[in-house]
Amino acid sequence: MKSFKIVLVGQPNAGKSTLFNVLSDIKAAAANFAGTSVRITQSAIQLDGRIFQLLDLPGTYSLNANDDAEKLTQKYLLSEKIDLIVNVVDSTLLARSLELTSELLELGRPMAIALNMQDEAEKRGLKIDHEKLEKALGVPVVPTAALHGKGVRQLMERCSRLLNTEPPPLPFFPYTAHIEALVQKLAAAMSEPSCGQNGSRRFYAIKAIENPSMVPENLRRPLEADAEAACSQIRDFHQRDCFESVAYERHHLAMKLSEEISEFVPRKTIHLHDRLDRFFLHPLFGRFILLAYFLGFYAAIFFAGNLFSRWLDPLLNRIPPLLVPLQKTSTFLWLTADGLWQGAAGSLGVVLPYFLPLIFLNAIFEDTGYLSRIAFLLDGLLHRIGLHGKSVAAFILGFGCTAPALYATRILENKRDRILSALLLPFIPCSARNAVIFALTAALAGPLWALVIYFFVLMVIAVTGKTISLFLEKPGGLIMEIPDLKVPSLRNALAGTGRKLREFAVTVIPLLLLGSMAMSWLGHLKIGARIDALSSPLISGVLGLPAQLGTTLVFGFFRKELIVVMAKQALGAASLALLPLTAGQAVVFLVFVTLYFPCFTTFMVMGREFGWKTAGASALLSIVVATLSAYLFKVLFLIF
Ligand SMILES: Nc1nc2c(ncn2[C@@H]2O[C@H](COP(=O)(O)OP(=O)(O)OP(=O)(O)O)[C@@H](O)[C@H]2O)c(=O)[nH]1
Ligand SMILES: [Mg+2]
């Protein structure tokens, strides 16, 4: 059966991933900050007995890509076989969104428009005449509210119908007469784009003036002299750079269209989210609220995690006595079963209770748009350590998992910012390390120590960032977008939590089971002791910890959660609270665990995204920083 390829394209935060999630079984990450999707997600969907390949492309403001995520979308649109573009438009930002729409129309591909966020537009008294827009653009325009599943069915029906028929030729919107004449002359002289070059001749003629680097060699070369002559005429005539002149044309068209089709019935009352923003973005109150947010967030996780953990403990404690008879039957069976059980008990009783509230609360806050306000508030602070607010999205994702956070740096426009963020990201405690911190401090040192560790980690990031950035050039200014505050959607948050939980069950739990089984065997075969002996100069000599923790740290490189699971086995304790560690040793151990390189996956992602040299440098940097920091704590504990 023939399957059609439909791509969702739109500006960041327009609701592409939300629409994708409504339509497909696979769930793409959707969150209320620009640049959530930095990779392409694909899913096959069935409608009216036909199969569609649906693709969620990273958000882009235009086809003149600035960052790596935008480049991915641009490359895909220009070179892959596409049957239909669905341009997802944020109705509350119509004028700005239509600039991309007009550029997409220039591609000359079949297209439909989802006028998304209708619910928000209505709330603000914005009425959009979608039929008028459809007439003006010559492509189907369907109002949707993807978050509530509204209009989605109609959208897909229109798409299906469009794919059944020969699409009518797209209208084109003439530019200012002088520029239009030059574009048409170039388009007429241009050879037909070949297979694998998706744009129309008009598209490439405009690009030859606006951004020649985007025009394929075979089309650009024969026209190079003509395009240069056209450019210099535009510059002389309009007294503007060519890129700006074309941007101006699209901007003018988008403004004109949006004024013609929308009507604004102003409301007398100030919107609640605007009133809230006065507090959230206030230089002083905003920072207090931020502090309260962090404290509240972590207190909630601590409380919920402790509660789950205590509730699960008695249930899990019923299993070990059932395994004891195996000890006499067969050493092989006993070591395997005991190892597997330790892994299962650690995953369910120690890691999951903290992991679950963390990912759920994160999903809720991602949806509110508050995270972008954090970026705004911390922009100044981040500049001081050589970064800027736009990196905050990646850093906040880093509290969940370092690997996607490394991908998220793709929304940063220059390489310098990407590398610096990538070197600092491994220091942010991911959910695995958060679970380890919560579980160990709850058992051995008390919740206040968790806060001390977080505060210390932030200091480490600031100092390391500042130090590295001394060797790099100064960062440029960046425009940051702050989306409106929204009431979080429970359905979205549950879907996001479910997605991460499945990932945890499929990829992490098997590793924890295998790791703890290996630990049982390593102990029995006395290999663990050899690893411990090798690492003991660092673990016991420098950090003053029991040498048996060496193996746990080596295995921690595969998954940080393994550390709590294995520590019990290594030190022969029935529960975390019975580990033979003083509160001081627990904190020194945790500081080291939090700061040394997160995990194997992070290493692989870093190698692929930034090169193996950067991955190696980052691993080395993190081990040095972790050792120095843990040593500092040891000395402080000795003094006080
Ligand atoms: N009120 C309302 N909110 C929506 C709607 N569609 C999406 N959202 C919300 O808008 C935010 C952004 O949605 P995403 O689906 O992540 O947007 P995106 O276009 O994929 O964004 P990028 O991946 O950054 O390009 C999320 O908080 C969604 O819950 C809608 O129709 N109405
Ligand atoms: Mg997205």
Side-chain angles (χ1 to χ4, degrees), residues 7-24 26-43 54-62 65-74 76 86-94 96-97 100 113-124 126 128 142-152 154-155 271-273 362-373 375 390 393-394 396-397 404 407-408 410-412 480-496 499:
V7 293
L8 303 179
V9 186
Q11 298 196 343
N13 230 25
K16 299 173 291 300
S17 302
T18 309
L19 182 61
F20 179 88
N21 289 348
V22 173
L23 289 166
S24 76
I26 298 174
K27 297 292 168 225
N32 198 8
F33 51 78
T36 306
S37 312
V38 289
R39 287 193 277 182
I40 297 174
T41 317
Q42 179 168 356
S43 171
L54 188 69
L55 282 96
D56 176 21
L57 300 189
T60 185
Y61 291 104
S62 84
N66 275 322
D67 58 52
D68 286 359
E70 290 189 347
K71 278 185 196 139
L72 207 63
T73 299
Q74 177 194 309
Y76 200 94
V86 172
N87 175 206
V88 183
V89 165
D90 180 345
S91 309
T92 65
L93 297 168
L94 200 55
R96 196 192 71 184
S97 310
L100 175 67
I113 292 175
L115 263 188
N116 198 32
M117 310 256 185
Q118 275 301 310
D119 52 327
E120 280 295 316
E122 271 165 33
K123 262 193 232 158
R124 287 165 206 207
L126 187 64
I128 300 171
V142 182
T144 60
L147 187 61
H148 309 291
K150 285 198 187 131
V152 176
Q154 290 89 320
L155 174 72
H271 224 281
L272 178 66
H273 59 72
N362 228 354
I364 292 269
F365 278 103
E366 274 182 2
D367 228 20
T368 58
Y370 183 60
L371 302 188
S372 304
R373 273 123 190 110
K390 215 176 168 186
I396 285 169
L397 280 180
Y407 285 123
R410 286 184 184 178
I411 63 162
L412 298 173
M480 236 185 332
E481 196 183 350
I482 303 189
D484 282 336
L485 286 171
K486 289 209 179 87
V487 178
S489 139
L490 187 66
R491 200 178 56 183
N492 252 7
L494 287 177
R499 190 162 38 85

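Just so it is clear, the model here is predicted, and its values are computed rather than measured. Start at 1 and go down the list; that is how both ligands and their atoms are numbered.
The two residues Gly59 and Glu70 have their closest heavy-atom pair at O-CG, 3.8 Å. In terms of heavy atoms, Thr60 sits closest to Leu100 at O-CD2, 3.4 Å. Contact record, Leu72 with Arg410: CD2-NH1, 3.8 Å, taken as the closest heavy-atom pair. Closest heavy-atom contact between Asp56 and Phe20: CB-CD1, 3.6 Å. Leu126 and Thr92 get closest at one heavy-atom pair: CD2-CA, 4.1 Å. Nearest heavy-atom pair, Asp367 versus Ser489, reported as atom, atom and distance to 0.1 Å: OD2-N, 3.1 Å.
At least one N/O-N/O distance between Ser37 and ligand 1 falls below 3.5 Å. Some N or O of Gly15 is nearer than 3.5 Å to an N or O of ligand 1, by distance alone. For the pair Asn492 and ligand 1, the shortest N or O to N or O distance falls below 3.5 Å. For ligand 1, the polar-atom distance check against Pro12 finds no nitrogen or oxygen pair separated by under 3.5 Å. For ligand 1, none of its N or O atoms has an N or O atom of Glu366 under 3.5 Å away.
Protein heavy atom closest to atom 5 (C) of ligand 1, with residue, atom name and distance, is Leu147 CB, 3.5 Å. Closest protein heavy atom to atom 1 (N) of ligand 1: Asp119 OD2, 2.8 Å. Shortest contact from atom 27 (O) of ligand 1 to any protein heavy atom: Asp367 OD1, 2.9 Å. Protein heavy atom in closest approach to atom 7 (C) of ligand 1: Thr18 OG1, 3.4 Å. Closest to atom 8 (N) of ligand 1, if we only count protein heavy atoms, is Met117 CE, 3.6 Å.
Atom numbering of ligand 1 starts at 1 in the shown order; those under 4.0 Å from a heavy atom of Asn116 are 5 (C), 6 (N), 31 (O). For ligand 1, the atoms sitting less than 4.0 Å from at least one non-hydrogen atom of Asn13 are 11 (C), 12 (C), 17 (O), 18 (P), 19 (O), 21 (O), 22 (P), 24 (O), 25 (O), numbered in the order shown with element in parentheses. Counting the atoms of ligand 1 from 1 in the order shown, those under 4.0 Å from a heavy atom of Gly59 are 25 (O).
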Carefully, step by step, assess Leu19 and Leu155 under the rule side chain to side chain contact (heavy atoms under 4.5 Å, CB included).
CA-CA 10 Å; Leu19 182 61; Leu155 174 72; 3.9 Å; yes
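At a 4.0 Å heavy-atom cut-off, ligand 1 does not touch Asn21 at all. With a heavy-atom cut-off of 4.0 Å, Lys486 touches ligand 1 through its side chain alone. The backbone and the side chain of Lys16 each have at least one atom closer than 4.0 Å to an atom of ligand 1 (non-hydrogen atoms only).
Residue contacts with ligand 1 include Ala14, since one of its heavy atoms falls under 4.0 Å from the ligand. Residue contact check for ligand 1: Ser489 places no non-hydrogen atom closer than 4.0 Å to it.
At least one N/O/S atom of Ser17, from backbone or side chain, sits under 2.8 Å from the Mg ion (ligand 2). For a distance bound of 2.8 Å, the N, O or S atoms of Ser37 include one lying that close to the Mg ion (ligand 2).
A salt bridge does not link Asp484 with Lys123: every distance from a Lys NZ or Arg NE/NH1/NH2 to an Asp or Glu carboxylate oxygen is 4.0 Å or more.
For Lys150, the NZ atom is loosely surrounded, since the number of other residues' heavy atoms within 6.0 Å does not exceed 12.
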